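One structure is given here, and the rest of the page talks about it.
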Amino acid sequence: MIIKSATFVISNREVKGCPTPRLPEYAFIGRSNVGKSSLINMLVRVKGLAKTSARPGKTQLINHFLINENWFLVDLPGYGYARTSKVLREDFSNIIKDYISGRTNLMNLFVLVDIRLEPQAIDLRFFTWMASNGVPFSIAFTKADKLGKTQLQSKLAAYKRELLKDWEELPPIFVTSAETSYGRDELLNYIEETNPLFAKF
Ligand code: GTP
Ligand code: MG
């Protein structure tokens with residue numbers, strides 16, 4: 001898919017302020033600092049469109065971006081990082097849960113996972129929560145540039161083995177790097193193939 005335009009639309013604290021759900025939408029979620037905002041910028045090739053930071057907890061709101069005038073990308077706050085209060089330390093904030101369960105045009109949620117890490121309990125709990133809520137999701141591994149080819153393959157295989165302990169089938173899996181744009185075409189092709197399914201809603 002060719003990205004012709006990418007514009008910021010609105011930031012919201014609650015799902016009710018989000019744009020009218022008339023277009024297909026894809027959101028990015030995952031632990032704080034995993035690279036959600038960076039991946040969005042890499043996909044659309046606009047540095048700084050989604051705000052990134054080396055410190056976790058940067059994205060705090062639901063951020064909508066309109067792509068090619070006909071679909072939305074959404075940057076969500078991360079989970080698994082407590083900045084201030086105990087309330088924030090709950091697994092998944094209400095803002096995340098309400099967005100995911102309330103957004104009728106959400107075609108797919110990309111759950112980002114740092115390829116270098118062992119499977120994290122909080123991510124596995126998130127997969128379980130989504131499955132029990134019937135949310136369609138994919139896994140997008142991030143920061144692939146930080147590993148060599150052999151290491152990358154063995155991390156990927158180990159992660160799949162871990163998932164298959166709990167799941168009969170694996171979700172779609174993407175491997176990406178915001179630094180090198182690795183995986184960009186695969187992810188955008190997947191969105192392009194999924195967009196036409198929106199009409200059936
Ligand atoms: P929150 O909004 O805080 O939840 O974080 P986030 O998931 O949006 O992460 P963000 O995109 O802000 O990136 C966090 C840090 O990781 C930044 O320092 C990025 O430069 C770095 N980073 C993100 N993606 C990659 C990647 O693919 N490769 C490398 N080497 N660094 C990355
Ligand atoms: Mg962010």
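Just so it is clear, the structure is predicted and the values come from calculations on it, not from any experiment. In each ligand, atom 1 is the first atom listed, and ligand 1 is the first ligand listed.
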Examine [X] against ligand 1 and note whether any of their N/O atoms are separated by less than 3.5 Å.
X	answer
Thr59	yes
Gly57	yes
Ala144	no

Donor-acceptor side-chain pairing of [X] and [Y] below 3.5 angstrom:
X	Y	result
Asn33	Arg31	no
Tyr99	Asn12	no
Tyr26	Asn195	yes
Ser138	Asn108	yes

If we ignore hydrogens and angles and just use 3.5 Å, is the side chain of Ser181 paired with the main-chain N or O of Ser177 as donor and acceptor? no
Between the main-chain N or O of Leu66 and the side-chain N or O of Glu69, is there a donor-acceptor pair closer than 3.5 Å? no
What protein heavy atom sits nearest [atom], and how far away is it?
atom	result
atom 9 (O) of ligand 1	Gly35 N, 3.2 Å
atom 27 (O) of ligand 1	Ala178 N, 2.7 Å
atom 16 (O) of ligand 1	Lys143 NZ, 3.1 Å
atom 4 (O) of ligand 1	Lys36 NZ, 2.8 Å
atom 5 (O) of ligand 1	Asn33 N, 3.0 Å
atom 18 (O) of ligand 1	Ala54 CA, 3.4 Å

Do Glu118 and Lys155 sit within salt-bridge range, that is, some charged N less than 4.0 Å from a carboxylate O? yes
With respect to the Mg ion (ligand 2), please indicate if Ser37 possesses an N, O or S atom at a distance under 2.8 Å. yes
Presence of N, O or S from Thr59 under 2.8 Å of the Mg ion (ligand 2): yes
For [X], the ligand 1 atoms whose distance to one of its heavy atoms is below 4.0 Å:
X	result
Glu179	27 (O), 28 (N), 29 (C), 30 (N)
Asp145	26 (C), 27 (O), 28 (N), 29 (C), 30 (N)
Ser37	8 (O), 11 (O)
Ser38	10 (P), 11 (O), 13 (O), 19 (C), 23 (C), 24 (N)
Ser177	27 (O)
Gly78	4 (O)

Apply the test ring pair (Phe, Tyr, Trp, His ring centres under 6.0 Å) to residues Phe72 and Phe65: give CA-CA distance (whole Å), side-chain angles for both, the deciding distance (0.1 Å), then the verdict. CA-CA 6 Å; Phe72 291 117; Phe65 302 95; 9.9 Å; no
Among Thr59, Asn63, Asp75, which residue meets the side chain to side chain donor-acceptor pair (under 3.5 Å) test with Ser11? Asn63
Between [X] and ligand 1, which residue portion shows a heavy-atom distance shorter than 4.0 Å: side chain, backbone, both, or neither?
X	value
Pro56	backbone
Ser53	backbone
Met42	neither

Using a 4.5 Å cut-off on heavy atoms from C-beta on, say whether the side chain of Thr142 contacts that of Ile115. no
Any side-chain heavy atom of Val15 sitting closer than 4.5 Å to one from Ile100? no
Can you classify the ring geometry of Phe92 versus Trp129 as parallel (below 30°), tilted (30 to 60°) or perpendicular (above 60°)? tilted
